[in-house]
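One structure below.
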Amino acid sequence: MRLCMVDVWSVVSVLVPLVGLAVAGRGAESSSAADSGAKSAFQLTPLPYGQNALEPYMSARTMNFHYGKHHQAYVDNLNKLVAGTPWAGQPLEKVVVESAGMADKVAVFNNAAQVWNHTFFWQSMKAGGGGKPTGRLLELIEKSFGSFEEFKKAFVDAAVAQFGSGWVWLVKEADVLKIVKTSNADTPVAHGQTPLMTCDVWEHAYYLDYQNRRKDFVHAFLDHMVNWGFAASQLK
Ligand code: FE2
């Protein structure tokens with residue numbers, strides 16, 4: 001079920017706008033799964049842009065490894081882990097929420113959450129992104145953090161402070177926005193929070209382009225890549 005990235009990206013970037021997470025991981029049935037009578041397999045959601053779209057801030061080489069190898073591996077691992085279980089064919093978010101905290105299902109959670117997190121991460125960026133949000137999202141940021149500049153500083157500080165692999169998120173709880181960091185595969189989805197956007201701070205997200213300079217990567221994310229329109233669309 002591996003997608004041909006070059007073909008998919010060239011077509012999808014034109015034909016398919018941002019793909020909602022509601023369909024993340026719930027693609028068409030694989031022939032092998034269909035043959036065995038199993039329910040549809042989780043799939044690698046197409047990127048909403050070409051693999052070189054975020055250059056020079058995120059190289060095509062990084063995208064090739066990050067999306068084509070790391071993200072794909074989480075999808076493949078998840079399909080192996082849930083094959084023949086009640087989670088096969090279920091919505092991805094349901095698998096994430098139900099497996100969270102289950103001591104004997106750590107591998108399922110880790111892979112399901114990483115599939116979800118990465119799909120959300122790709123949508124959290126766009127070519128020509130960055131800048132400043134507008135409207136209700138900006139109002140909520142200013143209300144929650146004091147100012148947009150204070151939000152940016154807090155987001156970068158959280159990203160730098162995350163020890164080891166993980167994620168930094170802008171989330172909404174009630175009418176307040178918060179910055180949260182999660183370790184490894186952990187995700188706000190498992191904690192009842194509404195994520196608006198995220199930045200992947202695993203080393204595989206930035207090491208080819210920034211080496212150990214995570215702070216520079218997060219600045220580039222905020223100044224040139226973050227998709228505020230997507231973040232605003234996640235407000236409920
Ligand atoms: Fe990643």
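For ligands, and for the atoms within them, numbers begin at 1 and follow the listed sequence. The residues of the chain are indexed from 1 along the displayed sequence.
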Practice item. Measure from the ring center of F120 to the ring center of F230 and say whether it is less than 6.0 Å. Key: yes
Practice item. Output, by chain and residue number, all protein N/O/S atoms separated from the Fe ion (ligand 1) by less than 2.8 Å. Key: H66 NE2, H118 NE2, D200 OD2, H204 NE2
Review point. Less than 6.0 Å separating the ring centroids of H118 and Y74?
Key: yes
Review point. Between W169 and H191, is the gap from one ring center to the other below 6.0 Å?
Key: no
Point to revise | Near-ring test H66/W122, centroid separation under 6.0 angstrom | key: yes
Point to revise | Carboxylate-amine/guanidinium contact K143 D175, below 4.0 Å | key: no
Practice item. Output yes when K153 and D157 qualify as a salt bridge under the 4.0 Å nitrogen-oxygen rule, no when they do not. Key: yes
